[in-house]
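What's counted below: heavy atoms across the whole structure, side chains too, no hydrogens, waters or symmetry copies.
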Amino acid sequence: MIVQVICTACFLAVNTLYVRSSFDFLKADDMGEIIQTLVSEFLLLGLSGYPKIEIIYFALILVMYLVILIGNGVLIIASILDSRLHTPMYFFLGNLSFLDICYTSSSVPSTLVSLISKKRNISFSGCAVQMFFGFAMGSTECLLLGMMAFDRYMVICNPLRYPIILSKVAYILMASVSWLSGGINSVVQTLLAMRLPFCGNNIINHFTCEILAVLKLACADISLNIITMVISNMAFLVLPLMVIFFSYMFILYTILQMNSVTGRCKAFSTCSAHLTVVIIFYGTILFLYAKPKSQDLTGEEKLQASDKLISLFYGVVTPMLNPIIYSLRNKDVKAAVRYLLNKKPTH
């Protein structure tokens with residue numbers, strides 16, 4: 001699986017590499033005309049080619065977005081108010097829920113507006129904001145998932161040292177580093193993308209300002225963008241996955257050494273929710289980027305409906321499933337949620 005993700009990370013760079021060739025024909029004599037046609041906004045096509053199902057998509061996305069806000073909001077409140085959830089795992093889970101709310105709130109409202117009002121244009125700065133949140137939240141989530149895997153490794157493989165190594169100061173620092181690193185990575189990628197001149201065609205065949213689609217509109221050399229994306233993919237995609245992979249290898253080895261069947265089942269159940277989220281998260285990324293896909297915005301080639309559905313799944317369905325998975329497969333979370341729902345207000 002690690003080999004596949006490494007290939008995926010390399011493909012993300014190669015997939016953008018051919019964009020350079022489309023700009024090689026530009027000569028100095030043409031630059032004056034290009035500068036005069038610089039775009040100030042972009043047009044997001046979304047599902048404009050499927051007008052009959054736009055209202056269905058609007059209803060589905062709206063319902064899923066409400067589930068995301070409610071489900072993740074309840075998890076955050078439960079992890080704060082219930083003392084039984086004051087552990088590293090649930091602290092990371094609260095961060096993950098907050099991250100999902102931020103990520104979806106940066107793109108879903110504008111998608112809903114475009115579906116219902118047919119307003120598909122987005123300003124240059126609005127596109128930059130979407131790219132920033134997309135990169136920041138995606139990078140941070142990868143790091144958080146890796147740290148949650150390390151937490152599970154410590155619980156099962158080194159239970160006696162667990163409270164010492166993952167003290168309150170330690171896991172707060174780990175989460176802070178995740179957010180700070182994701183933010184820095186996003187600032188770098190967004191600034192490098194938005195410094196490019198965009199001229200002529202301003203149509204993005206996507207729901208949001210997806211980085212590969214935006215880079216293909218640039219009329220300048222994107223070598224620096226390619227290099228930084230490769231480094232970013234290796235640091236924020238592959239390295240956390242390696243931590244997850246080796247953590248679960250050690251966990252599996254430890255579980256198989258247990259003599260008690262009950263102990264094995266308990267250990268597996270401890271990891272099942274996190275492992276399910278990891279499979280969905282990385283599986284969707286692999287499905288999205290492991291195969292070449294065109295985002296040629298001149299109309300010669302269009303994204304297939306299936307590709308857009310996968311993009312929707314990654315952007316909306318995955319954040320919606322996270323609180324459901326952790327609620328259904330975790331007794332402590334279910335107990336905390338029931339306690340919150342049944343708690344009577346004091347006067």
- Note on the structure: Correct closest heavy-atom pair for Gly94 and Ser79 would be CA-OG, 4.2 Å

- Task: Enter the distance from Asp100:CG to Met320:CE here, rounded to the nearest 0.5 Å.
- Result: 11.5 Å

- Task: For residues Met194 and Ala128, report the shortest heavy-atom separation together with the two atoms involved.
- Result: CG-CB, 3.8 Å

- Item | Rounded distance (nearest 0.5 Å) linking atom CG of Leu191 with atom CG of Asn225 | 11.0 Å

- Should Leu144 and Ile279 be regarded as members of a common hydrophobic cluster, given that ILVMFWY residues are connected when their side-chain heavy atoms come within less than 4.5 Å of each other, either directly or indirectly? yes

- Residues forming a side chain to side chain contact (heavy atoms under 4.5 Å, CB included) with Val177, sequence neighbours excluded: Leu173, Ser181

- To the nearest 0.5 Å, atom OG1 of Thr270 lies from atom CE of Met89 at 9.0 Å

- Classify the angle between the aromatic ring planes of Phe92 and Tyr171 as parallel (below 30°), tilted (30 to 60°) or perpendicular (above 60°). perpendicular

- Just checking, is any N or O donor in the side chain of Ser139 or Gln189 under 3.5 Å from an acceptor N or O on the other one? no

- Query: Closest heavy-atom contact between Thr111 and Ser114?
  - Reply: O-OG, 2.7 Å

- Message: Under the criterion side chain to side chain contact (heavy atoms under 4.5 Å, CB included), I'd like the reasoning laid out for Leu215 against Met229: C-alpha separation, chi angles, the key distance, then a yes or no.
- Response: CA-CA 12 Å; Leu215 285 179; Met229 284 185 69; 3.9 Å; yes

List, one per line, each side-chain donor-acceptor pair under 3.5 Å for residues 158-168, sequence neighbours excluded.
{"unit_1": "Asn158", "atom_1": "ND2", "unit_2": "Tyr153", "atom_2": "OH", "d": "3.2"}
{"unit_1": "Tyr162", "atom_1": "OH", "unit_2": "Asp151", "atom_2": "OD1", "d": "2.6"}
{"unit_1": "Ser167", "atom_1": "OG", "unit_2": "Ala170", "atom_2": "N", "d": "3.4"}

- Where Gly146 and Ile244 come nearest, the two heavy atoms and their spacing: CA-CG1, 3.8 Å

- Side-chain donor or acceptor of Ser186 paired with backbone N/O of Gly183 under 3.5 Å: no

- Task: For side chain to side chain contact (heavy atoms under 4.5 Å, CB included), just list the numbers for Leu224 and Arg195, CA-CA rounded to whole Å, side-chain angles, deciding distance to a tenth of an Å, and then say yes or no.
- Result: CA-CA 11 Å; Leu224 185 58; Arg195 73 178 175 83; 3.8 Å; yes

- Walk me through it: do Leu239 and Met234 pass the test side chain to side chain contact (heavy atoms under 4.5 Å, CB included)? CA-CA 6 Å; Leu239 289 182; Met234 297 299 292; 5.8 Å; no

- Query: Per the side-chain contact (heavy atoms from CB on, under 4.5 Å) rule, which among Pro319, Ser106, Cys102 passes with Met137?
  - Reply: Cys102

- Message: Tell me if a side-chain donor or acceptor on Asn72 pairs with a main-chain N or O of Ile68 at a distance below 3.5 Å.
- Response: yes

- Note on the structure: Taking every heavy atom of Phe281 against every heavy atom of Leu145, the minimum-distance pair comes out as CD2-CD1, 3.7 Å

- Can you find a pair of side-chain heavy atoms, one from Leu256 and one from Tyr253, that are under 4.5 Å apart? no

- Item | Common cluster, Leu237/Val187, ILVMFWY with side-chain heavy-atom separation under 4.5 Å | yes

- Can you tell me if CZ on Phe133 sees more than 12 non-hydrogen neighbours from other groups inside 6.0 Å? no

- Message: Over 60° means perpendicular and under 30° means parallel, so tell me whether Tyr248 and His274 are parallel, tilted or perpendicular.
- Response: parallel

- Message: Just verifying a value: how many Å separate Glu210 CD and Cys127 SG, rounded to the nearest 0.5 Å?
- Response: 10.5 Å

- Message: Would you compute the distance between atom CD1 of Ile325 and atom CD1 of Ile280 and round it to the nearest 0.5 angstrom?
- Response: 3.5 Å

- Item | Rounded distance [0.5 Å steps], NE2 in His86 versus CG in Leu81 | 7.5 Å

- Item | Non-hydrogen side-chain atoms of Val214 and Gln130 separated by less than 4.5 Å | no

- When clusters are formed by joining ILVMFWY residues with side-chain heavy atoms under 4.5 Å apart, either directly or through shared neighbours, do Phe245 and Val243 land in the same one? no

- Looking at side-chain heavy atoms only, is the closest gap between Ile251 and Cys271 below 4.5 Å? yes

- Query: Do Phe150 and Met174 have side chains that get closer than 4.5 Å, going by heavy atoms?
  - Reply: yes

- Minimal non-hydrogen separation, Leu143 against Ser178, with atom names: CB-OG, 3.6 Å

- Query: So do Phe135 and Val188 actually touch side chain to side chain, heavy atoms under 4.5 Å?
  - Reply: no

- Item | Student check: side-chain heavy atoms of Pro109 and Tyr65 closer than 4.5 Å | yes

- Message: Let me check something: do Val238 and Phe246 share a hydrophobic cluster, defined by ILVMFWY side-chain heavy atoms less than 4.5 Å apart, either directly or through other members?
- Response: yes

- Message: Is the shortest side-chain heavy-atom distance between Tyr326 and Val277 below 4.5 Å?
- Response: yes

- Message: Do Met258 and Ile156 make a side-chain contact, defined as non-hydrogen atoms from C-beta onward lying under 4.5 Å apart?
- Response: yes

- Residues Asp82, Tyr90; criterion side chain to side chain contact (heavy atoms under 4.5 Å, CB included); working and verdict: CA-CA 10 Å; Asp82 196 311; Tyr90 298 114; over 6 Å; no

- Task: Answer yes if Phe236 and Phe132 sit in the same cluster of Ile, Leu, Val, Met, Phe, Trp and Tyr residues linked by side chain heavy atoms under 4.5 Å apart, and no otherwise.
- Result: no

